**Q** 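Have a look at this one.
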Amino acid sequence: MRKKKINGFTCFLMILISLTLFFFLRLTYEIQKEKQQYTILISLGNLSYDQDFLKKALKINGLQEIWPVVEIPVTIKIEDYTKATVFCGIDLNAFTEISGQDNLGNTPRLLLGSNSLENMKDSNGHAISKKQQNKYLKMGEQLAITYTLDSIDSNKSSTEYSSSISDSSFTTMDSPGNNISPMSCLPCKVAAILPGEDNQIYIPLSQARILCSESGTALTVTKVLLKIKGKTNLENAKQHFE
């Protein structure tokens, strides 16, 4: 009988230790999440990117960086696969995955998200497989990818920020003296593959200016990229923009 009592106590003690260890690890995990930096791309909706917006945004707890983003509608093509998407123009200082300066002239430097090639389809309407996506992404700078400018809604009103960065005059050339038509199929250069499961395609803001100039549309900030410390602060920031 005494042996059974000892075994029962030992079993109880092991369960207690296991639960204590579980809650300790869970607490440690939650603490680590509050120390991590998170990146999120948020649509502004009807909000305007101006000084009033920035004053309010800077009050978000844990906000470390905020970067304006403009969108350029395009169709990209890789071999027989095509996809209607957008290039997100942003100051590349927002990322540490790319090094060097913008020295490719008018050739857009692409930062591809790991899911940015999703929903591409071939000429028969067949969706690209995950295996094929990974194959293309692994090619990196060797990937032959082209783009075509799609129509941009010219009725969108530009914000204070957009008017201030679109004053410069840009002329895009495919060869000396020839302006690029919005229907031209032009090459891109893959600069980096972003970690995580981002489905965006980013380009330098300077090249976004060129594309907007070519389409006759002022730069308009439609999204912001936020870098926030802490999981709780991230969730609160999402609610702030809803």
Side-chain angles (χ1 to χ4, degrees), residues 37-58 60 62-76 83-98 101-102 104 106-118 147 149-168 170 188-215 217-228 233-234 237-242:
Q37 177 180 273
Y38 297 86
T39 300
I40 183 172
L41 186 65
I42 294 180
S43 176
L44 293 182
N46 295 324
L47 299 176
S48 296
Y49 185 87
D50 52 23
Q51 291 301 319
D52 183 56
F53 169 83
L54 287 175
K55 287 180 181 179
K56 293 179 180 179
L58 291 175
I60 297 175
L63 181 65
Q64 296 182 314
E65 298 178 24
I66 180 169
W67 302 89
V69 175
V70 301
E71 296 178 290
I72 314 295
V74 296
T75 295
I76 60 172
K83 173 185 177 180
T85 184
V86 295
F87 285 163
C88 293
I90 190 171
D91 185 334
L92 293 192
N93 286 319
F95 302 100
T96 58
E97 290 81 4
I98 183 169
Q101 300 299 315
D102 176 10
L104 295 181
N106 297 338
T107 303
R109 305 178 73 186
L110 308 185
L111 273 68
L112 299 179
S114 59
N115 290 332
S116 59
L117 304 183
E118 282 185 338
Y147 75 97
L149 279 175
D150 292 343
S151 61
I152 301 178
D153 185 0
S154 60
N155 294 323
K156 287 183 179 180
S157 59
S158 60
T159 64
E160 177 183 333
Y161 173 79
S162 68
S163 62
S164 68
I165 62 175
S166 60
D167 293 336
S168 301
F170 295 89
C188 311
K189 185 72 173 178
V190 177
I193 308 298
L194 298 175
E197 299 181 353
D198 194 354
N199 60 1
Q200 306 299 324
I201 301 177
Y202 295 96
I203 65 172
L205 186 58
S206 60
Q207 293 175 335
R209 288 194 188 103
I210 295 173
L211 298 185
C212 280
S213 177
E214 189 58 38
S215 65
T217 304
L219 283 169
T220 303
V221 178
T222 55
K223 295 182 177 180
V224 287
L225 184 77
L226 305 179
K227 293 189 177 182
I228 298 176
N233 291 332
L234 175 66
K238 290 179 182 178
Q239 296 179 7
H240 179 84
F241 288 94
E242 289 181 352

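Values reported hereafter were calculated over all heavy atoms of this structure, with side chains retained and with hydrogens, waters and symmetry mates removed. Remember, it's a predicted structure, so these values are computed and weren't measured experimentally.
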**Q** Rounded to the nearest 0.5 Å, what's the gap from CG on L41 to NZ on K223? Could you check?
**A** 5.0 Å
**Q** Distance from Y202 atom OH to F95 atom CZ, nearest 0.5 Å?
**A**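 Those atoms lie 4.5 Å apart.
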**Q** Identify the residue among V69, I72, I203 that makes a side-chain contact (heavy atoms from CB on, under 4.5 Å) with C88.
**A** V69
**Q** So, taking the atom named CZ in F87 and the one named OG in S116, what distance separates them when rounded to the nearest 0.5 Å?
**A**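 One gets 10.0 Å once the value is rounded to the nearest 0.5 Å.
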**Q** Applying side chain to side chain contact (heavy atoms under 4.5 Å, CB included) to D52 and L54, what does each step give before you reach the verdict?
**A** CA-CA 5 Å; D52 183 56; L54 287 175; over 6 Å; no
**Q** For a side chain to side chain contact (heavy atoms under 4.5 Å, CB included) check, start with the C-alpha distance between N93 and W67, then their side-chain angles and the critical distance, and finish with the verdict.
**A** CA-CA 9 Å; N93 286 319; W67 302 89; 3.8 Å; yes
**Q** So F53 and I66, side chain to side chain contact (heavy atoms under 4.5 Å, CB included) or not? Walk me through it.
**A** CA-CA 11 Å; F53 169 83; I66 180 169; 3.9 Å; yes
**Q** Among all residues two or more places apart in sequence or in another chain, which pass the side-chain hydrogen bond (donor to acceptor under 3.5 Å, both in side chains) test with K83?
**A**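 side-chain hydrogen bond (donor to acceptor under 3.5 Å, both in side chains) list for K83, sorted by chain: empty.
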**Q** Quick one: does L205's side chain get under 4.5 Å of I90's, heavy atoms only?
**A**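 Of all side-chain heavy-atom pairs linking I90 with L205, none is under 4.5 Å.
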**Q** List the atom of A208, the atom of V70, and the distance in Å for their closest heavy-atom pair.
**A**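 A208 and V70 have their closest heavy atoms at CB-CG2, 3.8 Å.
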**Q** Is there a donor-acceptor pair under 3.5 Å between the side chain of E65 and the backbone N or O of A94?
**A**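 No, E65 side chain to A94 backbone: no donor-acceptor pair under 3.5 Å.
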**Q** Give, for atom CD of Q207 and atom CZ of R109, the distance between the pair rounded to the nearest 0.5 Å.
**A** 7.5 Å
**Q** Who pairs with T39 by side chain to side chain contact (heavy atoms under 4.5 Å, CB included), at least two apart in sequence or on another chain?
**A**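 For T39, the residues satisfying side chain to side chain contact (heavy atoms under 4.5 Å, CB included) (neighbours in sequence not counted) are L225, K227.
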**Q** Answer yes or no: is there a side-chain heavy-atom contact under 4.5 Å between T222 and L44?
**A**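 With C-beta onward as the side chain, the pair stays apart.
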**Q** Test of understanding: with side chain to side chain contact (heavy atoms under 4.5 Å, CB included), list the residues that count as partners of I40, not counting sequence neighbours.
**A**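 If we apply the side chain to side chain contact (heavy atoms under 4.5 Å, CB included) test to I40, skipping adjacent residues, the hits are I42, L226, L234, K238.
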**Q** If you look at every heavy atom in V224 and P68, which pair is closest and at what distance?
**A**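 Heavy atoms of V224 and P68 come nearest at CG1-CA, 4.4 Å.
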**Q** To the nearest 0.5 Å, tell me how far D198 CG sits from N115 CG.
**A** 8.0 Å
**Q** Could you give the distance from CD1 (I228) to CG (N233), rounded to the nearest 0.5 Å?
**A**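 The CD1 atom of I228 sits 7.0 Å away from the CG atom of N233.
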**Q** Should V86 and I201 be marked as a side chain to side chain contact (heavy atoms under 4.5 Å, CB included) after you check the CA-CA gap, both sets of side-chain angles, and the distance that decides it?
**A** CA-CA 7 Å; V86 295; I201 301 177; over 6 Å; no
